[in-house]
Amino acid sequence: MQTVSAQWSDLSSLQSLKSQLPQTYRSLLVQVFWGKEKTEEIPILQQQLKQVFPDAQVMGTLSAGEILDGKVLEQQVIIVVSAFTQTEVKTLLLERADQTTGCSSLIEHQLMPIIKNCAYPKLLLCLLDGACDGDAFVHAVGHFHPDLPIAGGLGRGPITAVFDDERMVPYGAAIAILNSEVLQVHQQFNFNWKPIGPKFRVTKAEKNIIYEIEGQKALDFYAKYLGREPVEQFMPLIAAEFPLVFEKGGVLVARACLQVLDDGALLYAGDFESGQVVQFGMGAGEQILEDSLNQSQSLMHYPVETIYLYSCIARKLLLGDEIEYETAPLNQIAPTNGFFTYGELVHQHHQNMLLNQTLTMVALSEGNASIEKPSIQWDKHFRKNARSFKDAMLKAMAQLSTQLAKELEQAKEAYARLAEHDQLTQLFNRYGGQRILEAELARASREKMPLAIAIIDIDFFKKVNDTYGHEAGDEVLKRLAKLMQTHTRKYDSVIRWGGEEFLIVLPHTTAEQAKVVLDKLRSSFAKERFEFMQEPVTFSGGVSQFQLKKEERTALKEADDALYQAKQAGRNQILMAQSEPSYGASAKTTALNGAG
């Protein structure tokens with residue numbers, strides 16, 4: 001295969017490209033990356049392409065910057081022509097009805113029939129419009145053809161378009177299917193945006209639109225943390241430099257903001273869920289360039305005849321003039337062309353993914369390239385430039401922010417534990433216990449499973465304190481707390497409800513089963529011996545079972561009533577409350593065997 005490329009200016013620039021191509025080939029793929037702000041001239045280019053390359057398969061998108069033979073351009077139109085000798089190429093233009101319409105039906109009914117007729121589909125090159133939900137597109141392709149790798153990117157926004165040599169549509173996808181038995185495809189990507197600062201929760205989201213973060217309008221949230229003036233002047237570009245990052249499938253990924261919507265909501269390249277935890281991300285300039293060098297070196301071990309690059313606009317904004325340290329060296333390996341995107345598509349770890357903030361590359365060969373290549377020559381000033389004061393400052397800012405966030409998170413966890421735990425017994429206190437009780441009652445209602453609640457109270461505990469002192473009383477409390485934890489399951493909850501009173505919540509347990517557990521606990525505790533006293537210490541308890549038709553507080557009151565009856569009946573025993581099945585019936589308390 002052979003790839004040639006050039007800037008488009010008029011018909012002669014296309015004719016010059018054609019003169020560089022081989023006389024014979026099986027398929028011709030033309031990619032157009034349109035960087036000009038205005039699109040009125042696209043129909044002129046389409047006519048010229050049909051005239052010069054009548055048998056070519058054409059796909060194009062609007063770009064946020066162009067990569068021509070490794071060099072970075074701005075607001076230009078570049079034409080990339082690849083002649084394949086052993087690969088069949090077929091392009092397809094999918095048109096979405098509007099910005100909110102997905103691609104799933106189009107993929108099923110228009111794309112998949114073509115793929116099914118391909119004997120060896122090796123790769124989908126996909127150019128999506130700049131407002132497309134990239135996650136939804138990836139999932140749709142994976143649903144119908146999970147093993148087919150994809151590559152490409154989202155075009156420029158907010159005004160968006162994709163096109164072939166006949167039509168241009170504002171919302172959709174231009175797709176090339178590469179069908180070949182011999183085509184070798186190698187993909188890799190470079191990320192290096194680091195999570196910084198505290199973690200935040202997305203409180204309201206639907207697909208690729210975030211409405212609220214931490215209960216605030218999404219736009220107001222960015223203004224709070226990035227500053228009102230930068231957000232008003234440079235949104236969504238400023239958000240591209242500080243994307244939201246999170247882990248997905250074991251890979252740290254970012255999501256770039258594409259558009260600000262009228263109601264302060266934000267449109268992203270990929271999906272979020274309500275409740276999802278995210279952080280701001282910051283680009284590590286030095287590490288980005290270091291990894292790019294290593295990735296370029298790694299390509300030396302593959303047969304490569306052409307390289308397609310899809311790089312996030314945020315990398316260009318971050319690195320400035322140094323962005324060519326990423327792109328130019330690759331052109332020494334093979335012709336390297338592509339564009340700057342609003343989202344990148346890549347196949348890695350046996351799955352297709354939408355990424356942001358990355359440089360993704362697709363290296364292709366039909367088997368004719370030599371693995372032996374001349375060593376890559378790096379700019380002698382690279383090391384000095386890469387370790388500039390600006391990079392050192394950004395690195396220090398990222399480290400400072402990350403460390404502060406880490407310490408804040410640790411402090412929050414420590415405070416939460418202090419707020420919800422009893423310092424003497426290390427059990428949940430009443431505050432934490434109330435939260436657990438409410439959650440377990442709700443889960444029992446939702447799952448329609450039994451839930452037992454037990455309240456126990458140490459017998460004559462005031463006498464222990466008055467006779468032997470409060471330190472002795474503390475020892476009794478700690479001994480009982482430890483014993484309760486050994487007699488209950490990991491998912492049971494033991495709570496110091498107040499003073500010498502404890503609450504035990506037992507999910508998936510009937511009152512009868514809970515009474516058996518508590519009788520064993522009562523027997524074990526009665527055998528405990530304390531060095532400051534000869535007589536045993538005992539406790540009494542009441543057990544109830546939560547019923548769906550009753551209010552949540554009823555089960556707790558029934559257990560408390562059963563405890564009172566146990567005290568009245570002579571202590572050192574467990575009584576079980578038995579309630580009528582109908583709502584509002586009074587509880588009956590029955591003494592069972594278990595008096596100590």
Side-chain angles (χ1 to χ4, degrees), residues 420-434 436-437 452-506 509-545 555-577 589-596:
E420 291 197 340
H421 284 76
D422 172 57
Q423 297 307 296
L424 176 67
T425 62
Q426 300 304 307
L427 300 176
F428 283 105
N429 59 20
R430 190 172 188 128
Y431 175 75
Q434 189 66 47
I436 291 172
L437 178 61
I453 296 173
I455 300 179
I456 67 174
D457 184 275
I458 300 175
D459 297 329
F460 301 113
F461 184 72
K462 184 177 183 302
K463 181 179 178 182
V464 175
N465 276 333
D466 291 346
T467 304
Y468 304 104
H470 287 283
E471 288 187 2
D474 288 348
E475 178 61 27
V476 171
L477 292 170
K478 289 191 290 185
R479 191 84 65 89
L480 176 56
K482 186 175 181 180
L483 205 60
M484 284 190 289
Q485 289 176 307
T486 61
H487 277 72
T488 54
R489 302 161 298 186
K490 289 184 178 180
Y491 54 86
D492 296 331
S493 298
V494 181
I495 301 155
R496 187 178 179 190
W497 203 237
E500 66 271 25
E501 194 172 70
F502 296 86
L503 180 73
I504 305 178
V505 183
L506 301 100
T509 305
T510 64
E512 290 83 359
Q513 293 168 331
K515 183 183 181 301
V516 173
V517 173
L518 264 71
D519 270 328
K520 290 180 179 179
L521 171 63
R522 182 185 56 79
S523 178
S524 295
F525 185 61
K527 296 176 182 177
E528 291 286 316
R529 291 296 177 262
F530 300 92
E531 60 182 17
F532 48 81
M533 59 187 297
Q534 295 297 319
E535 62 269 33
V537 182
T538 63
F539 68 78
S540 305
V543 183
S544 71
Q545 182 175 326
L556 191 61
K557 184 179 184 305
E558 288 178 350
D560 197 47
D561 289 344
L563 169 63
Y564 176 78
Q565 293 294 332
K567 291 286 189 180
Q568 293 295 310
R571 296 179 172 82
N572 190 22
Q573 57 186 291
I574 307 298
L575 298 188
M576 185 173 64
T589 305
T590 304
L592 303 178
N593 290 334

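The first residue of the sequence shown is numbered 1, and numbering continues consecutively from there. These figures come from a predicted structure and were not determined experimentally.
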With a 4.5 Å cut-off on side-chain heavy atoms, are V464 and E500 touching? no
Looking at every non-hydrogen atom in both residues, tell me the closest pair between L563 and E501 and how far apart they are. CD2-OE2, 3.6 Å
What verdict does the side-chain contact (heavy atoms from CB on, under 4.5 Å) test give for I495 and Q434, after you've listed the backbone C-alpha separation in whole Å, the side-chain angles of each residue and the deciding distance to 0.1 Å? CA-CA 9 Å; I495 301 155; Q434 189 66 47; over 6 Å; no
Under the side-chain contact (heavy atoms from CB on, under 4.5 Å) criterion, do N429 and R496 qualify, and how do the steps go? CA-CA 5 Å; N429 59 20; R496 187 178 179 190; 5.8 Å; no
Minimum heavy-atom distance K520-H487, with the two atoms named: O-NE2, 3.9 Å
Given side chains that start at C-beta, do those of L556 and I455 come closer than 4.5 Å, heavy atoms only? yes
Counting heavy atoms not belonging to F530, are there more than 12 under 6.0 Å from its CZ? yes
State, to 0.1 Å, how close R479 and R529 come at their nearest heavy-atom pair, and which atoms those are. NH1-O, 3.2 Å
Checking the side chain of S540 only, and the main-chain atoms of N572 only, is there a donor and an acceptor separated by less than 3.5 Å? yes
Carefully, step by step, assess F461 and V537 under the rule side-chain contact (heavy atoms from CB on, under 4.5 Å). CA-CA 8 Å; F461 184 72; V537 182; 6.0 Å; no
Decide yes or no for M484 and I456: does some side-chain heavy atom of the first lie under 4.5 Å from some side-chain heavy atom of the second? yes
Nearest-0.5 Å distance that lies between atom CD1 in I436 and atom OG in S493: 4.5 Å
If I take atom NZ from residue K515 and atom CG from residue L575, how far apart are they, to the nearest 0.5 angstrom? 8.0 Å
For A566 versus G541, what's the shortest heavy-atom pair and its separation? CB-O, 3.8 Å
Would you indicate whether E531, at its atom CD, is surrounded by more than 12 heavy atoms from other residues, nucleotides or ligands within a distance under 6.0 Å? no
Any side-chain heavy atom of Q545 sitting closer than 4.5 Å to one from E512? yes
Classify the ring geometry of Y468 against F532: parallel below 30°, tilted from 30° to 60°, perpendicular beyond 60°. tilted
Once you round to the nearest 0.5 Å, how far does CE of M533 lie from NZ of K463? 8.0 Å
Looking only at non-hydrogen atoms, find the nearest pair between E558 and S544 and report the distance. CB-CB, 3.8 Å
CG/L477 to NZ/K482 distance, rounded to the nearest 0.5 angstrom? 15.0 Å
Is there side-chain contact between L521 and T488, with heavy atoms separated by less than 4.5 Å? no
CD (E471) with more than 12 external heavy atoms under 6.0 Å: no
Mind checking what makes side-chain hydrogen bond (donor to acceptor under 3.5 Å, both in side chains) contact with D457, not counting sequence neighbours? K567
Return the set of residues passing side-chain contact (heavy atoms from CB on, under 4.5 Å) with D466 (not counting sequence neighbours), or none when no residue passes. K462
Under the criterion side-chain contact (heavy atoms from CB on, under 4.5 Å), I'd like the reasoning laid out for E528 against F525: C-alpha separation, chi angles, the key distance, then a yes or no. CA-CA 5 Å; E528 291 286 316; F525 185 61; 4.2 Å; yes
Find the distance between OG (S523) and CG (L518) and round it off to the nearest 0.5 Å. 12.0 Å
To the nearest 0.5 angstrom, please state how far the CZ atom of R522 sits from the CG atom of D459. 10.0 Å
Is there side-chain contact between R430 and L503, with at least one heavy-atom pair below 4.5 Å? no
Going through the distances and angles, do D560 and K557 end up as a salt bridge (Lys or Arg N to Asp or Glu O under 4.0 Å)? CA-CA 5 Å; D560 197 47; K557 184 179 184 305; over 6 Å; no
Heavy atoms only: give me the nearest A559-I453 pair and the separation to one decimal. CB-O, 3.7 Å
Check whether any side-chain heavy atom of V505 lies under 4.5 Å from a side-chain heavy atom of Y491, and answer yes or no. no
